[in-house]
2 protein chains.
Amino acid sequence: MAKNTYLELPGKTVERLSQYRRILYNSINEGKTNIYSHELAKMMNLTPVQVRRDLMLIGYSGSQSKGYVIKDLVALIGKIIDSDEGQDIILVGMGNLGRAITSYFTGKRDKLSIAAVFDNDLQKTDRIIAGIPCHHISHIKEFVAKENIQIAVLTVSPEATYEVAKMLLDAGIKGILNYTSVPLTVPEGIHLEEYDIVTSLEKLAYLVK
Amino acid sequence: MAKNTYLELPGKTVERLSQYRRILYNSINEGKTNIYSHELAKMMNLTPVQVRRDLMLIGYSGSQSKGYVIKDLVALIGKIIDSDEGQDIILVGMGNLGRAITSYFTGKRDKLSIAAVFDNDLQKTDRIIAGIPCHHISHIKEFVAKENIQIAVLTVSPEATYEVAKMLLDAGIKGILNYTSVPLTVPEGIHLEEYDIVTSLEKLAYLVK
DNA sequence: TTTATATTGTGAATTGAATATCAACACTCA
DNA sequence: TGAGTGTTGATATTCAATTCACAATATAAA
């Protein structure tokens, strides 16, 4: 049963919940109604114990004979990770990567969508790119305030990273997903996720050695 | 002192080493020759203790008065994460994201480069895209064998993910960087890194709630 | 009914990573 | 010289995440 009190879940569990949900949608489409921990684990490349632990943490119970009811589980995950009214995101930096992420993401989730993108190139601003309105970065603060934006995706050049990050924090952004190669510092209370392609590849290169 | 024996480093440390090196290149360009743990920590958004512990793990020693010698440190990191002869990568799936990653990555690292990209669209194959030769996916196995490729970046559509991953494993790939939204399962001994944009954003959305 | 089998749920143990603490050392300045 | 400062390197501690081990339960089969 979902409590009204705020659930303090491990970060890793939250990530997996997002993925459980996506996989479970597929299962629903294939006509499945119930699923066992070992089935879900197999699909996610995890152990069954870990799946059960995650579901225990969100307070969902299955049955020993039928496993978990997919529909209910999906609904509960939604209750935990979606916000009721939905949540809008902005993306800053409409280069190759920004454009790719924008078109990739658009329409993927109904409670989470890119409301606008920003760039400093006047050639790109004040028009629709990849289906989303593109504004000049000088309008970030005003837009964030008006639309109550809390999350920003950062895909600008390394040189511009600090300055744009500062603008975003100044505008009141609460979470930044940083895809640039520049490590960021954020104040207490602001959430930051960093994913750098070069780092990932160098890590893999080390591991396969 | 770098040993010849294989160093078993924590994954997180390897990631940070990659980033230390990139930041240290900048410092060298600015004319710095030495650096203290607290300086490096500040630039990386870490604690000095963590920096020192990482360097301790790779067996690098600084001096109490001058800190670390940047040039030597960079060289040692290279010794640990680069392979001597360099390492070639392939990328499969030349959609928006594949193209973005290819142009983003090309030229970034000299010991690590994208040797070829693959797609199943005949419109894209047998020509140069983003500066890299693009072949049809039916040639993956042959190419991997001939060029001794160990790492692949996966940016295909969700529907194609399983099939292409199977091809890559079959071809003898040792590490996969999976940017699709489909979680993969790989056999023992194969390294997998997964980064899904939707998951990252949903995690952020949860955190800012 | 009884036994066997397969599943969930969870306390306890283990592993892994980050942080705190501090001795040892090098330099500066009185 | 000797006190004071700032640094590294290393051990100990804390914290987070995963895995182990198994009790409890439901179903099917004998």
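Letters A, B, ... mirror the listed sequences (proteins, then strands); counts begin at 1. Owing to the predicted nature of the structure, the values given are computational and were not obtained by experimental measurement.
As rounded to whole Å, 8 Å separates atom P of D:dG9 from atom CG of B:L55. Spacing between atom CD of B:Q64 and atom C1' of D:dT7 amounts to 6 Å, rounded to whole angstrom units. In this structure, CG of A:L57 is placed 10 Å from P of C:dT10, rounded to the nearest angstrom. In this structure, A:E8 places its CD atom 12 Å from C1' of D:dA16, rounding to the nearest Å. In this structure, NZ of B:K12 is placed 14 Å from C1' of C:dT15, rounded to the nearest angstrom. Protein atom CG of A:D54 is 14 Å distant from nucleotide atom C1' of C:dT8, rounded to whole Å. Distance CG (B:N45) to P (C:dT19): 10 Å, rounded to an integer number of Å. Distance B:Y68 OH to C:dA26 P: 15 Å, rounded to the nearest Å.
Using a 4.0 Å cut-off, no side-chain N or O of B:S63 falls inside it from OP1 or OP2 of C:dC25. Between B:S65 and D:dT7 there is no side-chain polar atom (N or O) within less than 4.0 angstrom of OP1 or OP2. For B:R52, no side-chain nitrogen or oxygen approaches OP1 or OP2 of D:dG9 to under 4.0 Å. Distances shorter than 4.0 Å separate none of the side-chain N or O atoms of B:Y36 from OP1 or OP2 on C:dA26.
With hydrogens and angles left out, the side chain of A:R53 and the base of C:dT10 share no donor-acceptor pair within 3.5 Å.
Taking the six-membered ring where tryptophan is involved, the planes of A:Y36 and A:H38 are essentially parallel, since the angle between them stays under 30° and well short of 60°.
Relative to the side chain of B:M56, the nucleotides C:dT8, D:dA10, C:dC25 differ in distance, and D:dA10 lies closest.
Taking 4.0 Å as the cut-off between side-chain N and carboxylate O, A:E202 and B:K111 do not count as a salt-bridged pair.
Note: B:H135 and B:F143 meet the aromatic proximity criterion, with ring centroids under 6.0 Å apart.
Ranked by how close their nearest DNA chain D nucleotide is to the 5' end, A:Q50 and A:K66 are led by A:Q50.
Residue contacts shown for A:T13 are absent, as no nucleic acid heavy atom lies under 4.0 Å away.
Residues B:Q87 and A:V208 meet the side-chain proximity criterion, which asks for heavy atoms closer than 4.5 Å. A 4.5 Å side-chain heavy-atom check between B:I197 and A:Y179 finds at least one atom pair inside the cut-off.
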